[in-house]
Amino acid sequence: MRKPIIAGNWKMYKTISQAIELANGLKRELYKIDSQDIDIVLCPPFTALTEVGEVIYGSNLQLGAQDLHWEDEGAFTGEVSGLFLKDVGVKYVIIGHSERRQFFGETNASVNKKIKAALRNGLVPIVCVGENLKEREENKTFDVIRDHIENGLKDISQEDAFKLVIAYEPVWAIGTGKTATPSQAQEAQKFIRDLLSKMYNNSVAQDIRIQYGGSVKPENIAELIKQPDIDGALVGGASLKVDSFSAIVKNTLGAE
Ligand code: PGA
């Protein structure tokens, strides 16, 4: 049985004081939830990691970051490494989000180096894959996913593959209010699991958690999480408010 994982990607939102307020609100709203039943991850901007980490320390909420550099240190102006994330108590890191691929030139090659850097620093990579609208309309969904998975995970050993979380995020569903239907998401996520089984083996494929991401809301999470290959969600917009994010967490558990 895979443990569900709900992660909030706060993107470039929340000043430090706003982030503290949101984290405190979530802590209050979700304190009854047993961390044995679900992983709940908050991914604030870099500037608020320390403070959010302090608020959630010792609670059932865990800290994640939105990106990292592939080197541990060096002359890379403006970048933040896995070593530094570890230093502020980060446990998870989002890698290869479509916004990074689209606006910041992220490629499968950089994703691959970043996954290795995260693993080297003991961080859990949340690796994002998924097709855009044009690719879906041209029936290239599975080709794109295969490309992202095979090349993103190149040379990642079986032992390390167990540690990954994958997030399937169809780009056309991100921030658009258009969710993939549960069966569209399930179809893609089963494809990913089958691919992992071919690349590694069935036990790796059965262990890796695959999140769905793209306009996840309290109203649609229950149907999504019921699908056999959907093990959680990567949530953008709805992670910015206490009510909606905590309802997503609760509805995930309620639907099981
Ligand atoms: P969204 O974002 O929930 O606002 O669609 C998801 C994501 O970008 O991870």
Side-chain angles (χ1 to χ4, degrees), residues 4-14 18-19 22 26 39-46 48-49 52 61-68 90-106 111 114-115 118 123-133 135-136 141 144-145 148-149 152 164-182 184-186 188-189 192 209-225 227 230-252:
I5 173 166
I6 302 290
N9 172 10
W10 295 3
K11 306 193 178 183
M12 200 172 72
Y13 292 99
K14 305 292 175 188
Q18 292 167 338
L22 177 55
L26 290 169
D39 283 320
I40 310 167
V41 184
L42 311 184
C43 306
F46 290 134
L49 281 170
V52 170
L61 308 177
Q62 304 177 73
L63 194 61
Q66 300 174 19
D67 188 26
L68 82 170
V90 165
K91 180 160 179 216
Y92 294 84
V93 60
I94 299 170
I95 298 176
H97 189 278
S98 63
E99 285 151 18
R100 300 233 38 105
R101 292 181 193 255
Q102 194 181 342
F103 304 126
F104 303 99
E106 193 86 72
V111 166
K114 290 181 176 190
I115 295 172
L123 303 167
V124 178
I126 299 178
V127 184
C128 302
V129 303
E131 81 287 358
N132 62 32
L133 185 60
E135 291 160 342
R136 176 159 281 263
T141 297
V144 172
I145 294 175
H148 286 173
I149 295 277
L164 305 176
V165 173
I166 310 275
Y168 168 61
E169 299 207 301
V171 180
W172 48 272
I174 295 180
T176 57
K178 250 193 230 171
T179 326
T181 64
Q184 277 174 323
Q186 165 58 24
Q189 303 202 188
I192 293 171
R209 292 178 294 176
I210 308 177
Q211 299 175 304
Y212 167 78
S215 299
V216 172
K217 299 186 253 318
E219 298 77 34
N220 59 25
I221 185 65
E223 279 310 308
L224 288 162
I225 202 75
Q227 305 300 313
I230 300 183
D231 307 313
L234 183 55
V235 187
S239 73
L240 298 173
K241 292 211 171 84
V242 174
D243 289 357
S244 45
F245 191 67
S246 52
I248 288 171
V249 171
K250 289 175 188 170
N251 293 352
T252 299

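Each ligand, and each atom within it, is numbered from 1 in the order the structure gives. Excluded from the calculations below are hydrogen atoms, water molecules and symmetry mates; all remaining heavy atoms, backbone and side chain alike, are included.
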Do Gln184 and Thr141 come close enough that some side-chain heavy atom pair is under 4.5 Å?
no
Any non-hydrogen atom of [X] lying under 4.0 Å from ligand 1?
X: Lys217; value: no
X: Ser239; value: no
X: Gly213; value: no

For [X], take its heavy atoms, then give the atoms of ligand 1 lying under 4.0 Å from any of them.
X: Gly214; value: 5 (O)
X: Ala173; value: 5 (O)
X: Ser215; value: 1 (P), 3 (O), 5 (O)
X: His97; value: 7 (C), 8 (O), 9 (O)

Tell me which one of Val144, Ile192, Val127 satisfies side chain to side chain contact (heavy atoms under 4.5 Å, CB included) with Ile149.
Ile192
Could you report the tightest heavy-atom contact between Pro45 and Tyr13, atom names first, then the distance?
CG-O, 3.2 Å
In terms of heavy-atom contacts, Cys128 and Ile94 come closest through SG-CG2, 3.7 Å
Short side-chain donor-acceptor distance under 3.5 Å, Glu131 and Trp172
yes
Considering residues at least two apart in sequence or located in another chain, which fulfil the side-chain contact (heavy atoms from CB on, under 4.5 Å) criterion with Ser246?
Leu26, Glu29, Leu30, Val242
Residues two or more places apart in sequence or in another chain: which of them pass side-chain contact (heavy atoms from CB on, under 4.5 Å) with Thr179?
Tyr212, Ser215, Lys217, Asn220, Leu224
Tell me which protein heavy atom sits closest to [atom], plus the residue, atom name and distance to 0.1 Å.
atom: atom 4 (O) of ligand 1; result: Gly237 N, 2.8 Å
atom: atom 9 (O) of ligand 1; result: Glu169 OE2, 2.7 Å
atom: atom 6 (C) of ligand 1; result: Gly236 N, 3.5 Å

If you measure every N or O of Gly175 against every N or O of ligand 1, does any of those distances drop under 3.5 Å?
yes
If we check salt bridge (Lys or Arg N to Asp or Glu O under 4.0 Å) with Asp67, which of these qualifies: Lys11, Arg101, Arg100?
Arg100
Side chain, backbone, both or neither: the part of Ala238 lying under 4.0 Å from ligand 1 by heavy atom:
neither
